[in-house]
2 protein chains.
Amino acid sequence: MRAMAAPGLASARRHLRNEPMIENRPGSVSAELIAVLVAVTAGTPRVLTIAEGTSLPSGPLSPEHRSLQAGTRSWVERQTHHPLGYVEQLYTFADNDRNAALGGFGRAISISYLALTREQPKTLDGGASWRNWYDYFPWEDHRQGADLPAPLPGALRAWAQAGASPAERRARKQRAAIAFGLEGRRWNEELVLQRYELLYEAGLVSEAARDGIACHTTPAPRLGHAMRQDHRRILATGIARLRAKITYRPVVFELMPPSFTLLDLQRSVEALAGQLLHKQNFRRLVEQQALVEETGQMAGATGGRPAKLFRFRADILQERAYAGTKPPLPRA
Amino acid sequence: MRAMAAPGLASARRHLRNEPMIENRPGSVSAELIAVLVAVTAGTPRVLTIAEGTSLPSGPLSPEHRSLQAGTRSWVERQTHHPLGYVEQLYTFADNDRNAALGGFGRAISISYLALTREQPKTLDGGASWRNWYDYFPWEDHRQGADLPAPLPGALRAWAQAGASPAERRARKQRAAIAFGLEGRRWNEELVLQRYELLYEAGLVSEAARDGIACHTTPAPRLGHAMRQDHRRILATGIARLRAKITYRPVVFELMPPSFTLLDLQRSVEALAGQLLHKQNFRRLVEQQALVEETGQMAGATGGRPAKLFRFRADILQERAYAGTKPPLPRA
DNA sequence: CCTATTTATGCTCAATTTGAGCATTACTGG
DNA sequence: CCAGTAATGCTCAAATTGAGCATAAATAGG
């Protein structure tokens, strides 16, 4: 316990622990819905943003909506002109920082949702755009080589070395090693949030500078695109959740067109996971789980032998959505 | 889409879909925190309740607390006089029914938390008590035989038969089979919420009667103890989350005393999972994951050969809390 | 037509992981 | 000493997983 903290540190800690502030008028707060809306196009995982890619879309708790989930679905569908296949609540928090942006109208509770849509819509409301989510998390894409972006390994070492005590330095080193798969550990694609939070603490993302967190590397790296408030953390939460989900529930299907080749399907999973998969094993898994069936048609030539087109088996999907699937992600 | 619905049906559907109502004054709502506080004593999983076991403890968003999580921790610790080891956000919803209870002061957002504590406290504030969670979900305990409580199989069949169309009857039958492991399917201990929701829809729990849902079995079974509002659904959510969590993260330890035998540990896991485990395999798993270490002491005689006492390895726990464990639950 | 290239698809194999049991050991209470 | 009850040590077969080899079916270029 530290008696005094540098300006910004309290807010920083809150940010990191996912521990939002609470409003001062007990019981009464303002609330909004925030969506992490995901689509995959051409092997790129995309997220819907507003304000030049600096914010996630958010909507009000409007009286016309009957439920939180329906409310999210409704305003997102209005903005994207596409139906949402899958909506799942992510996390609820109340960030003090958000207060200022709202003009001091009480502290806001934000309820965030993960939503999936089948394809990238053509028309978006002004200001909205689909962004490659790896623009925000370049270190999360391991599809071309597992190397971390250049400044990272050194910056992580510097952060670990900057610990106040030997014990803290050791703890930091271990934490970095676990989060980023250093020192011979395996990269765990699900630790998206933990990595972002570590980088925030280490002052390696712009949001940290904004919140007054120091960095021990000069010039301070500013990894990935920044977002307003804590939207990038919410996005990290969404990506982490989705990466975890695809390993045990067939949600990828929500992101696919009605018919597709097995390689299409694999590329989509790889895009989300940020990792390449063993082709034959992937196909074995998908087929043995009977998640898909042949349409009888073939895909247009893609450079080699033509591939069969598949579609999802609605009956099985329903069952699996409930009861679970096996993980398609590799270990090595 | 039905044009008209019987009274209570809308509320019922909301209840079932976890889709809460939204307040009429856009943006401004009242909010509360609800805790599912779990402890395991003598092989019984217990949950802290108030109001004679009919409600989960809830606290206000008080200005003295700096965050949602800290707020939960604070008022729960004040009530139980025990520190909480683990706190995790469960789900946020706004139930219309809750409105009346609050005297019409806007619609309430409820943010629920799962919290674990090491042992059953001696002193509780008036009205609070620890209850065996299987009092509320008798069908969830499969430690003594996998048979469902007597009225269930028949009542489920009756519900399936009461479907309006052949397609609906088939869908209901399949849903019941998946949820309850019928027709040769495996019992999936994580489907706690799905089972409760099915029983609610089928009118087999008191809350359904309260909300105006019909039942097709006479006399209508009223399975398990009821709770106010949708607290039993929140409890189901907490149990489901905890059952899922113990299979891949070493959270059981938060519920154990400082030292324990491997059988103690196994009994606790079994209590939570509602299923018996293969002893030797459980021990192999725990040991090979190096989650525990011997204290050097032995347990007082428990009827047979004395057992070694173990304690948790703080270092490993920290790492696993992050990176994961293997599942200790069986398939058969 | 023949060949190199590219992707699809079928199959095999070894290393692990899991599910189940057998056997032995170390106590307690007659 | 014997029966009863747990703890603990080991073994074994089935299932799952990670990696590759081999073949098939197309295209592009000579």
Side-chain angles (χ1 to χ4, degrees), chain A residues 42-43 142 146 186-189 246-248 259-270 273 275-311 324-332, chain B residues 42-43 142 146 186-189 246-248 259-270 273 275-311 324-332:
Chain A
H142 283 222
R186 286 179 41 202
W187 171 264
N188 183 338
E189 71 282 344
I246 51 171
T247 69
Y248 63 96
S259 81
F260 48 85
T261 68
L262 292 182
L263 188 58
D264 289 340
L265 185 60
Q266 183 179 346
R267 293 279 174 255
S268 290
V269 172
E270 290 174 339
Q275 275 195 127
L276 296 179
L277 302 174
H278 181 108
K279 196 180 200 168
Q280 295 93 321
N281 291 348
F282 179 81
R283 135 195 291 291
R284 170 175 67 187
L285 184 81
V286 171
E287 285 178 334
Q288 97 186 0
Q289 300 220 139
L291 296 173
V292 299
E293 61 191 1
E294 302 182 10
T295 64
Q297 300 186 297
M298 306 294 279
T302 48
R305 173 175 171 176
K308 290 175 187 165
L309 283 174
F310 291 83
R311 75 169 77 89
T325 336
K326 314 283 173 50
L329 290 176
R331 294 182 181 182
Chain B
H142 283 221
R186 284 179 42 202
W187 171 264
N188 183 338
E189 72 282 345
I246 51 171
T247 69
Y248 62 96
S259 81
F260 48 85
T261 69
L262 291 183
L263 188 58
D264 290 339
L265 185 59
Q266 183 181 345
R267 292 283 173 251
S268 291
V269 173
E270 289 173 339
Q275 275 196 127
L276 295 179
L277 302 174
H278 180 108
K279 195 180 201 170
Q280 296 92 322
N281 290 348
F282 180 82
R283 125 196 303 288
R284 169 174 69 188
L285 184 82
V286 171
E287 284 177 335
Q288 98 189 356
Q289 299 218 139
L291 295 173
V292 300
E293 62 192 0
E294 302 181 9
T295 64
Q297 298 184 299
M298 305 296 277
T302 48
R305 172 173 171 176
K308 291 176 187 166
L309 283 174
F310 291 83
R311 74 169 76 90
T325 335
K326 313 283 174 49
L329 290 177
R331 291 184 183 178

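Proteins come first, then strands; the chains are lettered A, B, ... in the order of their sequence lines, and each starts at number 1.
Contact annotation: side chain of B:Arg284 to base of D:dG9, donor-acceptor pair absent below 3.5 Å. Checked by distance alone, A:Arg283 brings no side-chain donor or acceptor within 3.5 Å of a matching partner on the base of C:dG10.
Under the rule for a side chain to side chain contact (heavy atoms under 4.5 Å, CB included), the partners of B:Ser259 that lie at least two apart in sequence or sit in another chain are B:Thr295, B:Leu309. For A:Glu287, there are no side-chain hydrogen bond (donor to acceptor under 3.5 Å, both in side chains) partners two or more places apart in sequence or in a different chain. Taking B:Lys308 as the reference, B:Glu294 meet the salt bridge (charged side-chain N to carboxylate O under 4.0 Å, His left out) condition, with sequence neighbours excluded. Residues forming a side chain to side chain contact (heavy atoms under 4.5 Å, CB included) with B:Arg305 (at least two apart in sequence, or on another chain): none.
Closest of all the heavy-atom pairs between A:Leu262 and A:Arg283 is CD1-NH1, 3.4 Å.
Summarising the geometry, the separation between CZ on A:Arg186 and P on D:dT17 is reported as 13 Å, rounded to the nearest angstrom. C:dA20 atom C1' lies 15 Å from atom CG of B:Leu285, rounded to whole Å. Atom CZ of B:Phe282 is separated from atom P of C:dG19 by 14 Å (rounded to the nearest Å). D:dG9 atom C1' lies 10 Å from atom NZ of B:Lys308, rounded to whole Å. Rounded to an integer number of Å, the gap from CG of B:Asn281 to C1' of D:dC10 is 12 Å. Whole-Å rounding puts the B:His278 NE2 to D:dA7 P distance at 13 Å. The distance from atom CG of B:Leu277 to atom C1' of C:dG19 is 12 Å, rounded to the nearest whole Å. Atom P of nucleotide D:dA6 and atom CD of B:Gln280 are separated by 14 Å, given to the nearest angstrom.
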### Task
Step by step, work out the side chain to side chain contact (heavy atoms under 4.5 Å, CB included) result for B:Trp187 and B:His142.
CA-CA 9 Å; B:Trp187 171 264; B:His142 283 221; 3.3 Å; yes
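Side-chain contact between B:Phe260 and B:Val292: present, with at least one pair of heavy atoms (C-beta onward) separated by less than 4.5 Å. Side-chain contact between A:Lys279 and A:Leu263: present, with at least one pair of heavy atoms (C-beta onward) separated by less than 4.5 Å. Inter-residue side-chain proximity for B:Arg284 and B:Phe282 is flagged as unmet; no heavy-atom pair is nearer than 4.5 Å.
Under 4.0 angstrom from either OP1 or OP2 of D:dA6 there lies no side-chain N or O belonging to B:Lys279.
For DNA chain C, if you chain together Watson-Crick or G-U pairs that step i with j, i+1 with j-1 and so on, the runs of at least three with distances under 3.5 Å are C:1-30 with D:1-30.
Residue-level contact check: B:Leu262 touches neither bases nor backbone, having no heavy atom under 4.0 Å from any strand.
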### Message
I need a per-nucleotide contact map over nucleotides 25-30 of chain D, read 5' to 3'. Cutoff is protein heavy atoms under 4.0 Å; write B for the base, S for backbone only, - otherwise.
### Response
BS----
